[in-house]
Amino acid sequence: MLTPGLEFSSNGHLYIEGCDIVALAQKYGTPLYVMNEKLIRNNCRRYTSFIAENFKTGSFPCYASKALSCLEIYRIMNEEKMGVDVVSGGELYTALKADFPAERIFFHGNNKTVDELRMAVEFGVGRIIVDNLTELHLLDKIASEAKSKQKIGLRIKPGIEAHTHDYIRTGQIDSKFGFSIENGEALEAVKEAMSCDNLELCQLHCHIGSQIFDTQPFVDAVKVMLDFFVIIHNETGQWIKELNLGGGLGASYTDADSPLEIEEYLTPVAQILKSTCKELDIPEPEFHIEPGRSIVGEAGTTLYTIGAIKDIKDIRTYISVDGGMADNIRYALYKAEYTVLNASKNSGTIKDNVTIAGKCCESGDLIQEGISLTEPDVGDILAVLTTGAYNYSMASNYNRIPRPAMIMVKDGNSRVVIQRESYADLLNNDI
Ligand code: LLP
């Protein structure tokens, strides 16, 4: 499987957007995160144009920046007229430093601190998505002190089961996020929010999970949420103006994955939204979603250099690379599958039963197990595909390993967007 923009060239090397990957590895060093800028922008345009054409005026997609947060990505999102979703003071700070307009920022989190909430109110963040009653009252007080009326959403658990990894499933009642509809706490929270003088309840939000390949859970979520809109109207006489469906559309990691196209996913959502509003006689709400993985996931490729090969007869072959769980923890954490290619060779003997091992002092530091590779040799460049989402953003300095650089490629050109950390950077906060 090759992600969009990747192809093998006649010199046997893997190319991305017209750039020779082996040459990129030589120029910038490895490990290296390579992002396909054209694909990112194209994905944004598909979301923005579909939503502009098929949903109520005022609707827009917000890029979920937990998938990949850095100055350049917020600049790109701004140029592409996206909103962004942030989940911490750090993401908010980065977005603001990139001059991202505060009114198009949605701020999430199940335990935002007083400082984070003050910062969000002070900079005029578009929506703060409130997770619990403690936060609701705290925010009301902070907005009152700032003499502002803060627009908010409420995070709702619609009770939808999406078939995805347990750790990234969030819509069910037993979740740390939000208010459940089924036990009445969501309605109580809505009434409470409406009674707060310094808050304006604009939006109900739900996020049912991540890496979802099916439209049905999203369609079900729309129906459950709109039914709840009616209950709220019956109880309070008010209509909620915005529906936010969160993120969740999957990306392709291996041949086994067949994610929906952006339009295939949004078409039934638009249809059910319109038909249900008509049927229930509800004013159509503005629509928001928060795609992360489906915007940047397949746009990312991580490059490593093979440092050592260990053949353990009748057991397996370990191929050690110069990165690992510090730059991609997803196999160690979720047993996440990836496509790994030898970017230096397109032909030769295929080696089976290969395990790609990282360089951390930990047996679980693996990138992938049981894969096949074309004639791997020490010094070859390996490409791990679909590493644009939740890789750099989940990276650490475990074993005091500096984080890799990130480059963007477009039309045969490359540029650094995040510098490689130096050993000196590792000491920045040490006293
Ligand atoms: N909105 C909210 C409120 C979310 O919690 C998330 C993801 C998103 C949007 C974006 O979802 P996406 O479109 O990317 O599926 N670290 C895990 C993924 C955790 C996702 C958490 N929330 C992984 O590596 O798979």
Side-chain angles (χ1 to χ4, degrees), residues 40 43-44 46-47 60-69 73 77 82-88 91 105-112 127-132 153-158 160 162-172 175-179 203-215 217-218 221 225 242-254 257 259-260 262 265-266 269 287-300 302 325 327-338 367 384 386-396:
I40 296 173
N43 288 338
C44 292
R46 289 171 67 184
Y47 273 112
F60 58 87
C62 289
Y63 163 65
S65 64
K66 73 208 75 181
L68 167 62
S69 174
I73 202 80
M77 291 304 145
M82 299 280 293
V84 296
D85 138 16
V86 300
V87 286
S88 69
E91 286 183 0
I105 299 178
F106 291 5
F107 189 16
H108 284 274
N110 63 307
N111 189 15
K112 305 176 198 77
R127 304 283 179 277
I128 297 178
I129 315 298
V130 174
D131 178 89
N132 55 71
L154 289 181
R155 170 95 182 225
I156 304 296
K157 287 186 262 198
I160 306 283
H163 298 281
T164 187
H165 194 289
D166 270 358
Y167 291 3
I168 55 179
R169 213 156 47 94
T170 50
Q172 72 285 4
S175 160
K176 70 171 180 171
F177 299 105
F179 303 97
Q203 177 175 123
L204 292 190
H205 171 283
C206 67
H207 169 79
I208 55 177
S210 197
Q211 186 62 354
I212 299 171
F213 291 155
D214 186 7
T215 49
F218 295 112
M225 294 295 278
E242 302 166 5
L243 171 64
N244 186 335
L245 213 52
L249 180 60
S252 179
Y253 287 84
T254 68
D257 295 334
L260 298 162
I262 291 166
Y265 144 62
L266 286 177
V269 169
F287 177 74
H288 299 286
I289 39 167
E290 298 164 341
R293 193 190 311 267
S294 55
I295 289 187
V296 292
E298 292 176 23
T302 305
M325 67 190 292
D327 62 79
N328 181 356
I329 199 175
R330 296 189 72 258
Y331 188 77
L333 200 55
Y334 314 124
K335 286 263 178 292
E337 294 191 343
Y338 283 101
I367 294 286
V384 183
T386 319
T387 53
Y390 307 110
N391 278 239
Y392 172 76
S393 64
M394 293 172 78
S396 75

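We count ligands from 1, going down the list as the structure has it; atoms in each ligand are counted the same way. Everything quoted here is computed from the prediction, not taken from an experiment.
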Next item on the list: Walk me through it: do Ser210 and Tyr390 pass the test side-chain hydrogen bond (donor to acceptor under 3.5 Å, both in side chains)?
Entry: CA-CA 11 Å; Ser210 197; Tyr390 307 110; 4.6 Å; no

Next item on the list: Apply side-chain contact (heavy atoms from CB on, under 4.5 Å) to the pair Ile289 and Tyr265, showing each step before the final yes or no.
Entry: CA-CA 12 Å; Ile289 39 167; Tyr265 144 62; 3.6 Å; yes

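Within the 3.5 Å criterion, the main-chain N or O of Val296 finds no donor-acceptor partner in the side chain of Asn43. With hydrogens and angles disregarded, no donor-acceptor distance shorter than 3.5 Å links the side chain of Ser69 to the backbone of Glu91. Looking only at distances, a side-chain donor or acceptor of Asp131 sits under 3.5 Å from a matching main-chain atom of Gly178. Checked by atom type and distance alone, the side chain of Lys176 never pairs as donor or acceptor with a backbone atom of Asn110 at under 3.5 Å.
The parts of Arg293 lying near ligand 1 are both backbone and side chain, judged by heavy-atom distances below 4.0 Å. Only the side chain of Asp85 comes within contact range of ligand 1, with a heavy atom under 4.0 Å; no backbone atom does.
Those atoms of ligand 1 that come under 4.0 Å of a heavy atom in Gly292, given as number and element, are 12 (P), 13 (O), 14 (O). For ligand 1, the atoms closer than 4.0 angstrom to any heavy atom of Pro291 are 13 (O). Close approach of ligand 1 to Glu290 (heavy-atom distance below 4.0 Å) involves ligand atoms 1 (N), 2 (C), 3 (C), 8 (C), 9 (C), 10 (C), 13 (O). Close approach to Ala64 involves these atoms of ligand 1, each under 4.0 Å from a residue heavy atom: 8 (C), 9 (C), 10 (C). Under a 4.0 Å criterion applied to the non-hydrogen atoms of Arg155, ligand 1 contributes the atoms 3 (C). For ligand 1, the atoms sitting less than 4.0 Å from at least one non-hydrogen atom of Met394 are 16 (N), 24 (O), numbered in the order shown with element in parentheses. In summary, the atoms of ligand 1 found under 4.0 Å from a heavy atom of Gly248, numbered by their order in the structure, are 11 (O), 12 (P), 13 (O), 15 (O).
Scanning Arg330, Lys66, Gln211 for the heavy atom closest to atom 2 (C) of ligand 1 points to Lys66.
Taking all atoms of both residues into account, the shortest heavy-atom contact from Cys62 to Pro291 is O-CD, 3.2 Å.
Ligand 1 is never approached by Ala67 to a heavy-atom distance shorter than 4.0 Å. Ligand 1 has Tyr334 within reach: a non-hydrogen atom of the residue lies less than 4.0 Å from it.
Between His207 and His108, the distance separating the two ring centers is not shorter than 6.0 angstrom.
Relative ring orientation between His288 and Phe60 is described as perpendicular, the plane-to-plane angle rising above 60° on a 0-90° scale split at 30° and 60°.
Between His205 and ligand 1, a contact under 3.5 Å exists for no N or O pair. The N/O atoms of Ser210, backbone and side chain alike, include one that comes under 3.5 Å of an N/O atom in ligand 1.
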